[in-house]
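These notes concern the structure reproduced below.
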Amino acid sequence: MVQNINPSRLKYRVSLGKAGFVETPQGTNRPDFKEIKNLWCGIYTMSMTQQITLLGSPNTFDLVLIIRHQSDGLKGVKYARFKDQLYQLVGSSPDFDDSPRSFDLITLKKIDKIGIS
């Protein structure tokens, strides 16, 4: 999917996870972020053609990140924490060429809290 990416662009950390429960001091459970993986990532900048193409799309997003190709996929991942902000995973574009130079794109939308579905 993403070709000719310099691995030195992966200079940030992103935590990928799912919704879990945390017990509050009052003894009730509330939904919270539960980390599954912590990966190196980079911010992906779209070309002008890609931006224009997405203008007609009903899906909205706030951030696209590049990660190393995950051969096991993103099973169970619904949320991400990046730079102390919580995001919902709204899309992923895996690279089906499983080589050391393979990268995946993950599309994220900013959220305020986690909901259990």
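- Remark: of the listed residues E35, K34, R81, E35 is the sole one forming a side chain to side chain donor-acceptor pair (under 3.5 Å) with S15.
- Hydrophobic clustering (ILVMFWY, side-chain heavy atoms < 4.5 Å, transitive): I106 and V77 are in one cluster.
- Counting only heavy atoms from C-beta outward, the side chains of N29 and V22 never approach each other to under 4.5 Å.
- Rounding to the nearest 0.5 angstrom, the gap separating the NZ atom in K110 from the CG atom in L63 is 9.0 Å.
- Centroid-to-centroid, the aromatic rings of Y12 and F82 come within less than 6.0 Å.
- Side-chain contact check for L65 versus V14: some heavy-atom pair is nearer than 4.5 Å.
- In this structure, R13 and N38 approach most closely via the heavy-atom pair NE-OD1, 3.0 Å.
- Checking T24 against Q26 by side-chain atom types alone, a donor-acceptor pair falls below 3.5 Å.
- Listed for the Q85 side chain is a donor-acceptor partner under 3.5 Å among the backbone atoms of I111.
- In this structure, L108 and D62 have side chains that are not in contact, with every pair of non-hydrogen atoms separated by 4.5 Å or more.
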Checking R68 against W40 for the side-chain contact (heavy atoms from CB on, under 4.5 Å) test, could you report, in this order, the C-alpha distance in whole Å, the side-chain angles of both residues, the deciding distance, and whether it holds?
CA-CA 8 Å; R68 285 260 187 214; W40 287 101; over 6 Å; no
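- You'll find the side chain of I67 reaches within 4.5 Å of the side chain of L39, heavy atoms only.
- The side-chain heavy atoms of Y87 and K109, taken from C-beta on, include no pair separated by under 4.5 Å.
- Residues I36 and K18 form a side-chain contact, since some pair of their non-hydrogen atoms from C-beta on lies under 4.5 Å apart.
- No path of Ile, Leu, Val, Met, Phe, Trp and Tyr side chains, each step under 4.5 Å between heavy atoms, connects L74 with V64, placing them in separate hydrophobic clusters.
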Might you work through the side chain to side chain donor-acceptor pair (under 3.5 Å) test for H69 and D104, ending with a clear yes or no?
CA-CA 5 Å; H69 175 64; D104 298 341; 2.9 Å; yes
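- By the 4.5 Å heavy-atom criterion applied to side chains, L89 and T107 are not counted as neighbours.
- Considering CD1 of I66 and CZ of F103, their distance stands at 7.5 Å, rounded to 0.5 Å.
- In this structure, D32 and F21 have side chains that are not in contact, with every pair of non-hydrogen atoms separated by 4.5 Å or more.
- When the side chain to side chain contact (heavy atoms under 4.5 Å, CB included) test is applied to D72, the partners found at least two apart in sequence or on another chain are K37, Q70.
- Closest heavy-atom contact between A19 and I114: CB-CG2, 3.4 Å.
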